[in-house]
Amino acid sequence: EAQVTQNPRYLITVTGKKLTVTCSQNMNHEYMSWYRQDPGLGLRQIYYSMNVEVTDKGDVPEGYKVSRKEKRNFPLILESPSPNQTSLYFCASSFDRRRQYFGPGTRLTVT
Amino acid sequence: GNSVTQMEGPVTLSEEAFLTINCTYTATGYPSLFWYVQYPGEGLQLLLKATKADDKGSNKGFEATYRKETTSFHLEKGSVQVSDSAVYFCALSASNTGNQFYFGTGTSLTVIP
């Protein structure tokens with residue numbers, strides 16, 4: 001089954017404790033992206049990647065890092081999480097930029 | 001810069017009512033336009049898309065026409081069902097910004113029997 005998976009689905013952590021949210025797709029897509037969803041703000045793009053070892057900042061990259069060492073994986077790293085990074089995070093992948101496939105989401109709470 | 005503005009919700013309709021959710025955009029060049037739907041507890045799914053002016057995207061009874069002259073991509077459905085209750089996002093992808101996507105804030109739709 002073609003899908004985008006994210007782990008964990010739910011995470012509660014404390015300020016400053018490094019965390020990684022994994023994202024994996026099995027569709028051989030070159031394009032992958034991370035978004036955060038906040039009430040009243042919709043989805044905002046954090047980072048995206050056109051291919052292995054190619055990443056670019058989206059609209060809200062501050063406080064986040066990504067890496068793309070393999071085509072199928074695109075982890076999101078929060079080196080020192082802060083409460084304003086409490087949000088719902090979505091990973092997405094695409095063959096071209098005309099249709100994205102979204103993962104189920106990761107709800108992160110930073111206290 | 002590029003942006004998407006969509007009508008604020010929440011929207012509550014009775015079953016079989018007509019639905020319109022307004023979406024307007026700002027973009028340079030020739031963006032592709034999308035409507036995504038998010039059902040409770042799930043990620044977003046592509047509902048329909050249009051890649052050039054005057055294109056009409058359609059799926060599951062929903063339609064939207066790419067209007068360059070009014071920079072709009074309004075979503076319509078003639079007769080909504082309870083199962084259409086979800087959050088709807090308008091989005092664009094503009095060639096002048098590489099491969100960034102821009103989403104609207106989302107419109108929550110509730111359809112009551």
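Residue numbers start from 1 in every chain, and the chains themselves are labelled A, B, ... in the order their sequence lines are given, proteins ahead of strands. Heavy atoms only: backbone and side chains are in, while hydrogens, waters and symmetry mates are out.
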- Indicate, with yes or no, if A:Leu88 and A:Ile46 share a hydrophobic cluster defined by side-chain heavy-atom contacts under 4.5 Å among Ile, Leu, Val, Met, Phe, Trp and Tyr. no

- More than 12 foreign heavy atoms under 6.0 Å from CD of B:Glu42: is that the case here? yes

- Query: Given side chains that start at C-beta, do those of B:Leu44 and A:Leu43 come closer than 4.5 Å, heavy atoms only?
  - Reply: yes

- Tell me, for A:Tyr101 versus chain B, whether the close heavy atoms (under 4.5 Å) come from the side chain, the backbone, both or neither. neither

- Item | Co-membership, hydrophobic cluster, residues A:Leu76 and A:Met50, 4.5 Å side-chain | no

- Message: Does A:Tyr10, at its OH atom, have more than 12 non-hydrogen atoms belonging to other residues, nucleotides or ligands within less than 6.0 Å?
- Response: no

- OG of B:Ser32 to CZ of A:Arg99, rounded to nearest 0.5 Å, is 14.0 Å

- In terms of heavy-atom contacts, does CZ of A:Arg107 have more than 12 from other residues, nucleotides or ligands at under 6.0 Å? no

- Message: How about CD1 on A:Ile12, more than 12 heavy atoms from neighbouring residues, nucleotides or ligands closer than 6.0 Å, or not?
- Response: no

- Task: Would you check, one step at a time, whether the test side-chain contact (heavy atoms from CB on, under 4.5 Å) holds for A:Phe102 with B:Gln38?
- Result: CA-CA 10 Å; A:Phe102 282 80; B:Gln38 184 180 31; over 6 Å; no

- Of all the residues in residues 66-84 of chain B, which have a heavy atom that comes within less than 4.5 Å of a heavy atom in chain A? none

- Hey, any chance A:Trp34 and A:Leu19 share a hydrophobic cluster, counting ILVMFWY side chains that come within less than 4.5 Å of each other, even indirectly? yes

- Qualifying residue for side chain to side chain contact (heavy atoms under 4.5 Å, CB included) with A:Asp59, from B:Phe103, B:Phe101, B:Tyr102: B:Tyr102

- Query: In the single-linkage hydrophobic clustering (I, L, V, M, F, W, Y; side-chain heavy atoms under 4.5 Å), do B:Val11 and B:Phe62 co-cluster?
  - Reply: yes

- So, the part of A:Gln37 with a heavy atom under 4.5 Å from chain B: the answer is side chain

- Message: Side-chain heavy atoms nearer than 4.5 Å, only ILVMFWY residues, links allowed to pass through others: does that put A:Val60 and A:Leu78 together?
- Response: yes

